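Have a look at the structure below, then the notes.
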Number of protein chains: 2
Amino acid sequence: MTKTVRRSEQGKGARTRERIIDAAVLLLDADGEAGLTFRTLAMRLETGHGAIQWHFSTKGDLIAAAADVVVGRALTGAAPGAGAGAREAIRAVALAVYDVIGAHPWVGDQLARPPWAGAMLKIFERLGRQVVALGVPAEARFTATSALLIHIVGAGRQEAINSHSLQARTDRQDFLDDLAAHWGQLDAGEYAFTRTMADQLRGHDDRAEFLAGVDLVLAGIEHLEHAAAGHVPRPSTHARR
Amino acid sequence: MTKTVRRSEQGKGARTRERIIDAAVLLLDADGEAGLTFRTLAMRLETGHGAIQWHFSTKGDLIAAAADVVVGRALTGAAPGAGAGAREAIRAVALAVYDVIGAHPWVGDQLARPPWAGAMLKIFERLGRQVVALGVPAEARFTATSALLIHIVGAGRQEAINSHSLQARTDRQDFLDDLAAHWGQLDAGEYAFTRTMADQLRGHDDRAEFLAGVDLVLAGIEHLEHAAAGHVPRPSTHARR
DNA sequence: ACCTGAACACCGTTCAAGT
DNA sequence: ACCTGAACACCGTTCAAGT
């Protein structure tokens, strides 16, 4: 994983590494992971693709490094306001992650990938501290923090997908209208519920919806505070794998 | 999207389509999306790769179709018990989706992808009906159902990742031990919270943890029931995009 | 309607060779 | 330590041609 850091962080090497990452981010933003190619990247940087591969031996390594940089910047930008409460701090982190995925959709895929390291761990840490500050008891902190992380990244990815599908569309509202129209025409028997959500979908505000979801999870965490002292809900009626 | 269905659902064509999907699922299960290739698939089916591409003009189409089939079966298996309550029904759907992603990790990626259609819509519908049965007021149903869906798919994907990293390991506990050891050795200043979670990580049960997360979201939904009548939380202090 | 197989335009990765 | 560029072993997709 960190095998790709083969030289000291000083000197020309570090600058080259940075330049590669910056160029990679541009390509990724423009055309997603398919748009990032060692060859096109080499052309942009006026060098051979072997040079890039010396710094990042694998395409996956390069994307992971790019995501770490981009998320790192976003989190730094979302420094907790001095006197802000834990809930506000969580919302700030959530919005920062949501926005960075919206701006760089490939980051969402990367965050959801293999080793919980780098960027993902940073977000986990930031959220966890606020979960502690919220007064969540020790036994419930892992579940609470995980739930927040999953929701933030999951909702962010969903939004990234929407805005990506949207990219080709003239107007955002056209997109929602079309999708809502489709929902409204679903089979009344098979999709009875989804049909009723068509209007809700048409009028919905991504960002407000996202915050409402975060608040829902926060509400659940607060409720868990009270329930945790009691029982751990783990129905034994479900088959084990 | 449905452009690939170019022939009637009867006759030899349909059977060929099924055979292709079944073979594709095997390849996907074995080596993920990279393991699925028109050429290897053609070899397995003793035909030319052009034949496959006539049924599925794109690799993405094939994967999407495979995911729809696999998820469809899983949902059918998780039919709501006759007298079961809404919460139990939601847990049953959640576990079905969780398990199907665990058994077929590539399904998790597919569910999170572009158009909310096919499998994703089916899950949304199933959850939404139970959200209604739960007594959630109309204005909160979209948010509540989305939150459930995001959490289930997000947690499922995370689990799929764990079990995939695990695949190469001899023992599941070894994997958790190593990861926990890594967390325990993180920088005390930078990762103060994460370090304290090392023990929790070591002893954690994926499935129980997942259900706890679902219960957390359910708790949030119930809390929203009471709050929804009041205000819609949308702090104006946050910058708009 | 359904299948074949050649051809095209790419890929990521490896690696001997240079400086 | 860092870079070059050829070579390898693949890809997905297109498409004229068959049955």
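Just so it is clear, the structure is predicted and the values come from calculations on it, not from any experiment. In the text below, chain A, chain B and the rest are named by the order of the sequence lines, each starting its count at 1.
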Can a salt bridge be assigned to the pair [X] and [Y] using a cut-off of 4.0 Å between side-chain N and carboxylate O?
{"X": "A:Glu33", "Y": "A:Arg113", "value": "yes"}
{"X": "A:Asp187", "Y": "A:Arg195", "value": "no"}
{"X": "B:Arg19", "Y": "B:Asp22", "value": "no"}
{"X": "A:Lys122", "Y": "A:Asp68", "value": "no"}

Worksheet item: Taking only Watson-Crick and G-U wobble pairs with both distances under 3.5 Å, what dot-bracket line describes DNA chain C, where [ ] shows pairs that cross earlier ones and | shows pairs with another strand?
Response: ||.|||||...|||||.||

To the nearest angstrom, how far is [X] atom [atom1] from [N] atom [atom2]?
{"X": "B:Phe56", "N": "D:dT13", "atom1": "CZ", "atom2": "C1'", "answer": "16 Å"}
{"X": "A:Gln53", "N": "D:dC3", "atom1": "CD", "atom2": "C1'", "answer": "12 Å"}
{"X": "A:Lys59", "N": "C:dC10", "atom1": "NZ", "atom2": "P", "answer": "15 Å"}
{"X": "A:His55", "N": "C:dT14", "atom1": "NE2", "atom2": "P", "answer": "17 Å"}

Worksheet item: B:Glu125 side chain to A:Phe193 main-chain N or O, any donor-acceptor pair under 3.5 Å?
Response: yes

Worksheet item: So, the side chain of A:Thr40 versus the backbone of A:Thr37: is there a donor-acceptor pair under 3.5 Å, distance only?
Response: yes

Worksheet item: Closer than 4.0 Å, any side-chain N/O of A:Thr58 to the OP1 or OP2 of C:dT13?
Response: yes

Discussion item. Checking contacts here: which listed nucleotide (C:dT13, D:dT14, D:dC3) is nearest the side-chain heavy atoms of A:Trp54?
Written reply: D:dC3

Fill in: Ring geometry between B:Trp183 and A:Phe142 (parallel below 30°, tilted from 30 to 60°, perpendicular above 60°)
tilted

Worksheet entry | Counterpart residues, side chain to side chain donor-acceptor pair (under 3.5 Å), relative to A:Gln185 (two or more places apart) | none

Fill in: Separation between the C1' atoms of C:dA17 and D:dC2, rounded to whole Å
13 Å

Fill in: Residues in contact with DNA chain C, drawn from residues 36-52 of chain B - heavy-atom cutoff 4.0 Å
B:Arg39, B:Thr47, B:Gly48, B:His49, B:Gly50, B:Ala51

